[in-house]
Novice: 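If you scroll down you'll find the structure; I have some questions about it.
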4 protein chains.
Amino acid sequence: MVRNSNGRSSPDRRARRAVATREAILRAAAGVFRNRGFAETGMREIAAAADLSPGNLYYYFKSKADILYFCQDHSVNRMLATMKHLGRTQPSAEQLRQVIAAHLLCTLDELDGAAAHTEVESLPADLRRKIVAKRDRYERAVRRIVAEGMTRGAFVDGDPVLTTRAILGALNWTTRWYRPGGKLPPQAVADAFANYLVRGLAA
Amino acid sequence: MVRNSNGRSSPDRRARRAVATREAILRAAAGVFRNRGFAETGMREIAAAADLSPGNLYYYFKSKADILYFCQDHSVNRMLATMKHLGRTQPSAEQLRQVIAAHLLCTLDELDGAAAHTEVESLPADLRRKIVAKRDRYERAVRRIVAEGMTRGAFVDGDPVLTTRAILGALNWTTRWYRPGGKLPPQAVADAFANYLVRGLAA
Amino acid sequence: MVRNSNGRSSPDRRARRAVATREAILRAAAGVFRNRGFAETGMREIAAAADLSPGNLYYYFKSKADILYFCQDHSVNRMLATMKHLGRTQPSAEQLRQVIAAHLLCTLDELDGAAAHTEVESLPADLRRKIVAKRDRYERAVRRIVAEGMTRGAFVDGDPVLTTRAILGALNWTTRWYRPGGKLPPQAVADAFANYLVRGLAA
Amino acid sequence: MVRNSNGRSSPDRRARRAVATREAILRAAAGVFRNRGFAETGMREIAAAADLSPGNLYYYFKSKADILYFCQDHSVNRMLATMKHLGRTQPSAEQLRQVIAAHLLCTLDELDGAAAHTEVESLPADLRRKIVAKRDRYERAVRRIVAEGMTRGAFVDGDPVLTTRAILGALNWTTRWYRPGGKLPPQAVADAFANYLVRGLAA
DNA sequence: TATGAATGAGATTTCATTCAT
DNA sequence: TATGAATGAAATCTCATTCAT
C-alpha cells in the first residue's frame with residue numbers, strides 16, 4: 001500500500017480510498033439487487049459481492065436501505081443530468097429519441113440502472129420521499145417533451161401523462177429481461193426502442 | 001343457514017365455501033403483493049387482508065410461494081384464454097389492439113393482475129418453470145401477431161422480439177403506478193395505450 | 001349397517017363398535033409410532049392410518065399422549081400376563097427362555113410391541129409414572145428369575161440387575177431393526193436370542 | 001487476554017475459540033438429546049445448555065439436524081477407530097471383550113455416546129445415508145469377529161447376524177437407563193456386560 | 001478500518017386441539 | 001358420531017444490526 005513519508009496514508013489519500021470503497025459497495029449492491037431484488041438480498045451477499053466483511057459495511061453505510069437509497073439516487077441523478085444537457089431547441093422527436101437512448105443505456109449499465117427506478121417501496125418514508133421527488137421531476141421533464149411535441153404539432157395528440165408512462169414502462173421493464181454480457185448490446189435495444197416509441201407519436 | 005335432512009351442512013355447500021375461501025385468499029394476497037411486493041409481504045398481512053388467522057392459510061395453501069404461484073397462474077391463464085378467442089383473420093392492427101386492451105384490463109383488475117407477471121423470481125424453481133413456460137407461450141403469441149403484421153406489410157419492419165418486449169413492458173409496468181379505485185378507469189388506460197402502441201407499428 | 005327393529009343400533013352393539021374403533025386406532029397409532037417415533041408422528045397421520053378424520057380421534061382419546069399411553073399399557077399388560085402364567089417350578093433356564101420368547105414375540109408383533117417400552121419420556125408425568133411402575137414390576141420379575149437361578153446354582157454368578165438390563169436391551173432394541181413382513185419370522189429371532197442369552201448364564 | 005502486535009486477537013486464537021464453541025454445542029446438544037430425544041428437544045434448550053442465544057447456534061451449524069449429524073458422526077467415528085486398533089490375532093473372545101468394553105465406555109461417555117447410534121431416523125435422507133453407511137461398516141466389523149470365532153471353533157455355532165444384533169442391542173440400550181454421574185461407574189457396566197455377552201458364545 | 005461472533009426481533013410454518021355443523 | 005375448518009402457541013430458522021477486539 002502506498003504511504004507517505006511518515007508511514008501513514010495521508011488524509012486525502014484515505015478519503016479517496018473511502019470514496020472508492022463506497023462506490024465499490026454500491027456497484028456490488030446494485031448488481032445483487034438487480035438479480036435478486038432488494039428484500040431477497042442479504043447484507044452478507046452484498047458484503048461478499050463487495051469483498052468485505054458484513055460488519056464492515058456499516059462503516060460506510062448506516063443501513064441496508066441506505067445502500068439502496070444511494071443506488072437509486074446515483075441513478076436518478078444521472079438521468080436528471082441527461083435532461084439538463086438536452087438541446088431543447090431540437091425537434092421534439094429528436095429530443096425524445098435522445099432521452100430514450102440515454103435512459104436505456106443508463107438502465108442497462110451495470111451500476112446505474114440496477115435498482116434504479118424499481119423498489120422505491122422498500123425505502124423508509126423519508127428516503128422514499130426524496131427519491132420519489134427526483135423521479136417525479138424526471139418524469140415531468142420527459143412529459144414536457146411529449147406535451148410540447150403535441151402542442152407544436154410535431155406529435156399526434158393524446159394524453160401526455162399516459163403516453164409518458166407507456167414510454168417509461170417500456171424502458172424500465174428492460175431490467176426484467178435484459179441480461180448484461182449477452183450478445184445483445186445495449187445500443188441495439190436503445191435503437192429499436194427509440195425507433196418504435198418515437199414513431200408512435202410522429203404526426 | 002341451509003341444512004340438509006341429516007342436520008349437517010351438505011358436502012357441496014362446504015366444498016363451495018372452501019373454493020370461495022381459496023379465492024378470497026388469492027384476491028387478498030394479490031392486493032398485498034401488488035402494494036408491497038412478495039418478499040416484503042408477511043403471511044400475517046395476507047391473513048389479515050383475508051380475515052383469517054395466519055395458521056389457517058396453510059389449510060388452503062402449503063406455502064407463501066404457493067399462494068403467489070396460484071395468483072400468477074390465474075392471471076397468465078386468463079391472458080392465454082384471451083389469445084385463444086382472438087379472431088386471427090382480422091387486420092393485424094385490430095388484433096394487437098385487442099390484445100393490448102385485454103392485457104391491460106386484466107392487469108389492472110383487482111384479482112387478476114396483481115402480482116401477475118411480476119415476481120416470478122420469488123417462486124421456487126419448479127413452480128417458476130411452470131409459470132415461465134406459460135408466460136413465454138403468451139409472449140410468443142403476441143410476437144406472432146407483431147411478426148405477421150410485419151410480413152403482411154401491415155406493420156413497419158423491425159425486430160419483433162424487441163418490439164414485443166417494449167409493448168409488454170409498457171403494459172406490465174402499469175402495476176407500478178396504477179391505483180385501482182382512483183378516477184382513471186382501466187378502460188381509459190387501455191384506449192390510450194392501444195392507440196399509442198399500435199400507431200408505433202402502423203405502416 | 002346392522003340395526004335392530006327400532007331403526008337404531010342397540011346400546012351394546014354401539015359399545016362394542018366403539019371398543020373396536022378404539023382398538024383400531026391404537027393399532028394404527030402403534031404402527032406409525034414404531035415407524036416414525038412419537039414426536040414425529042402427527043395426529044393427522046394417526047387419523048389417516050386409522051381411516052378417520054383428525055377431529056374424530058378426540059371422541060375416543062383425549063390427547064395424543066393418551067393414545068401413546070394406551071399403546072404402552074396394552075403392551076406392558078401383556079408382558080405382565082406372561083409372567084403370571086409362567087411355571088415358577090420349572091428350571092430357571094427354561095423360565096428365562098420362555099420369558100425371552102414371549103417378550104420378543106410380543107415386541108415384534110404389530111400392535112403390541114410398537115411403542116411398547118420406548119418413548120416413555122413423551123408421556124406427561126402422571127401417565128409416565130403409571131407405565132414406569134408397571135414396567136419396573138416386569139423388570140423386577142425378570143430379575144427375580146435371573147437372581148433365583150444364580151442362587152440355585154443354575155446360573156453363573158453375576159450382577160442380576162446388569163444382566164437383566166443386558167437381556168432386556170437386546171430384546172427391546174429389536175424394534176429398531178426388525179421389519180415385520182420380511183422373510184425373518186419372529187420365531188426365528190426368538191429362538192436365536194433365547195439360545196444366546198440363556199447360554200450366557202448357564203453354569 | 002493475549003493479543004498480538006496489531007491489537008487484535010490473532011486469527012488462530014479465534015479459530016481455536018470457534019472450534020471450542022462448536023464442540024461445546026455438540027456436547028450440550030448430545031446431553032439434551034440423550035435426555036429428551038431429538039424431536040422433543042428445542043433449539044432453545046440446546047442454546048441454553050451451551051450458554052448461547054438460539055440464533056447464534058446457526059452461526060455454527062446450519063440446522064438442528066446438522067447438529068445431530070455431527071453428534072452421531074463423532075460417535076461412530078470413535079467406534080470405527082476402536083476397531084482399527086484392535087489386535088486381530090488375539091483370541092476371538094478377547095477381541096469381542098475389548099470391542100464391547102470400548103463400545104460401552106464410548107456410549108456412556110458424555111459427549112460421545114449421547115445420541116450416538118440412536119435417532120438416525122430424524123436425519124434428512126442425505127445425512128442419514130452417511131451415518132448409516134458408517135454404522136453398518138461398524139456392525140459388519142463386529143460381526144466378522146463373531147463369525148470368525150465360530151469358524152475357528154472358539155465360539156459355539158449360531159447365526160452371526162442375530163447374535164451381533166443381540167450384543168449391539170444390549171450395548172446401545174444402555175443409553176436408556178444409564179445416568180452418568182451416578183454411583184455406577186461405566187467400567188463396572190462394561191465388565192459385567194463383557195462377561196455375560198462373551199460367555200454366551202464361549203464354546 | 002476491519003473482522004468474526006453475537007443478538008433479538010420477526011419470518012414462515014407446523015400441529016395438537018377445538019368448534020360449529 | 002363424524003367432519004372440515006379454524007386457532008393459537010410454539011418451533012425452526014433468518015437476518016439486519018451491533019459489539020469486542
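Quick caveat, the model's predicted, so the values are computed rather than measured. Naming convention: chains lettered A, B, ... in sequence-line order (proteins, then strands); numbering from 1 in each chain.
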Novice: How close or far is atom P of dA11(E) from atom CD1 of Ile46(B), stated in whole angstroms?
Specialist: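 Between P of dA11(E) and CD1 of Ile46(B): 12 Å.
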
Novice: Under 3.5 Å, side-chain donor or acceptor atoms of residues 41-53 of chain B against the rest of the protein: list the pairs with distances, not counting sequence neighbours.
Specialist:
from     : atom 1 : to       : atom 2 : distance (Å)
Thr41(B) : OG1    : Gly37(B) : O      : 2.5
Glu45(B) : OE1    : Arg36(B) : NE     : 2.7
Glu45(B) : OE1    : Arg36(B) : NH2    : 3.4
Glu45(B) : OE2    : Arg36(B) : NH2    : 3.3
Glu45(B) : OE2    : Gly42(B) : N      : 2.9
Ser53(B) : OG     : Asn56(B) : N      : 3.4

Novice: Identify, residue by residue, the members of residues 55-65 of chain D with a heavy atom below 4.0 Å from DNA chain E, and return them in order of residue number, or none.
Specialist: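 Close to the strand are Gly55(D), Asn56(D), Tyr59(D), Tyr60(D).
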
Novice: Are there more than 12 heavy atoms of other residues, nucleotides or ligands under 6.0 Å from atom CZ of Arg16(D)?
Specialist: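 Yes, because the 6.0 Å sphere around CZ of Arg16(D) holds more than 12 heavy atoms from other groups.
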
Novice: Could you state the atom-to-atom distance from CZ of Arg14(B) to P of dA2(F) in whole Å?
Specialist: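 That distance rounds to 15 Å.
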
Novice: Applying salt bridge (charged side-chain N to carboxylate O under 4.0 Å, His left out), name anything that partners Arg22(C), two or more places apart in sequence or on another chain.
Specialist: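 Salt bridge (charged side-chain N to carboxylate O under 4.0 Å, His left out) check on Arg22(C) returns nothing, list empty.
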
Novice: Would you please name every residue forming a side-chain contact (heavy atoms from CB on, under 4.5 Å) with Ala125(B), sequence neighbours left out?
Specialist: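 Ala125(B): side-chain contact (heavy atoms from CB on, under 4.5 Å) contacts with Arg128(B), Arg129(B).
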
Novice: How would you list, by chain and number, every residue that makes a side-chain contact (heavy atoms from CB on, under 4.5 Å) with Asn35(C), sequence neighbours excluded?
Specialist: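 By the side-chain contact (heavy atoms from CB on, under 4.5 Å) rule, Asn35(C) matches Arg179(C).
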
Novice: For the side chain of Lys64(D) and the backbone of Phe38(D), is there at least one donor-acceptor N/O pair under 3.5 Å apart?
Specialist: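 Present.
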
Novice: So, is Arg17(A) near the phosphate of dA2(E), with a side-chain N or O under 4.0 Å from OP1 or OP2?
Specialist: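 Indeed, a polar side-chain atom of Arg17(A) lies that close.
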
Novice: I'd like to know if the side chain of Lys130(C) reaches the main chain of Tyr69(C), judged simply by a donor and an acceptor atom lying under 3.5 Å from each other, with no hydrogens or angles considered.
Specialist: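 A pair under 3.5 Å: no.
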
Novice: Who are the ring-ring contact (aromatic ring centres under 6.0 Å, His included) partners of Phe70(C), not counting sequence neighbours?
Specialist: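 Applying ring-ring contact (aromatic ring centres under 6.0 Å, His included) to Phe70(C) gives Phe61(C).
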
Novice: How is Ala18(C) classified with respect to the nucleic acid when contacts are heavy atoms under 4.0 Å: base, sugar-phosphate, or nothing?
Specialist: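 Since no nucleic acid heavy atom lies under 4.0 Å of Ala18(C), the category is nothing.
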
Novice: Does Pro54(D) or Ser53(C) map to a spot on DNA chain F nearer the 5' end, using the closest nucleotide for each?
Specialist: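 Of the two residues, Ser53(C) wins.
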
Novice: Rounded to the Å, how far apart are Asp51(B) CG and dA6(F) C1'?
Specialist: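 It works out to 12 Å between those atoms.
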
Novice: Please state how far atom OH in Tyr69(C) lies from atom C1' in dA16(E), giving the value in whole angstrom units.
Specialist: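 From Tyr69(C) OH to dA16(E) C1': 21 Å.
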
Novice: Do any of residues 38-45 of chain C sit with a heavy atom less than 4.0 Å from DNA chain F, and if so which?
Specialist: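 Those residues whose heavy atoms fall under 4.0 Å from DNA chain F, taken from residues 38-45 of chain C in numerical order, are Arg44(C).
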
Novice: Figure out the CD1/C1' separation between Ile25(B) and dA5(F), and round it to whole Å.
Specialist: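 From Ile25(B) CD1 to dA5(F) C1': 11 Å.
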
Novice: Return the set of residues passing side chain to side chain donor-acceptor pair (under 3.5 Å) with Asp126(A) (not counting sequence neighbours), or none when no residue passes.
Specialist: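 Asp126(A) satisfies side chain to side chain donor-acceptor pair (under 3.5 Å) with no other residue.
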
Novice: Mind calculating the distance between CZ (Arg22(A)) and C1' (dT1(E)) to the nearest angstrom?
Specialist: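 Taking CZ of Arg22(A) and C1' of dT1(E), I get 15 Å after rounding.
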
Novice: State which residues pass side chain to side chain donor-acceptor pair (under 3.5 Å) with Asp66(A); sequence neighbours excluded, sorted by chain then number.
Specialist: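 With neighbours one apart ignored, the set is empty.
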
Novice: Taking Watson-Crick (N1-N3 plus N6-O4 or O6-N4) and G-U wobble (N1-O2, O6-N3), each under 3.5 Å, can you produce the dot-bracket string of DNA chain F? Use [ ] for crossing pairs and | for inter-strand ones.
Specialist: .||||||||||||||||||||

Novice: Is it true that a side-chain atom of Thr21(C) and a backbone atom of Arg17(C) form a donor plus acceptor pair closer than 3.5 Å?
Specialist: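 Yes: the side chain of Thr21(C) pairs with the backbone of Arg17(C).
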
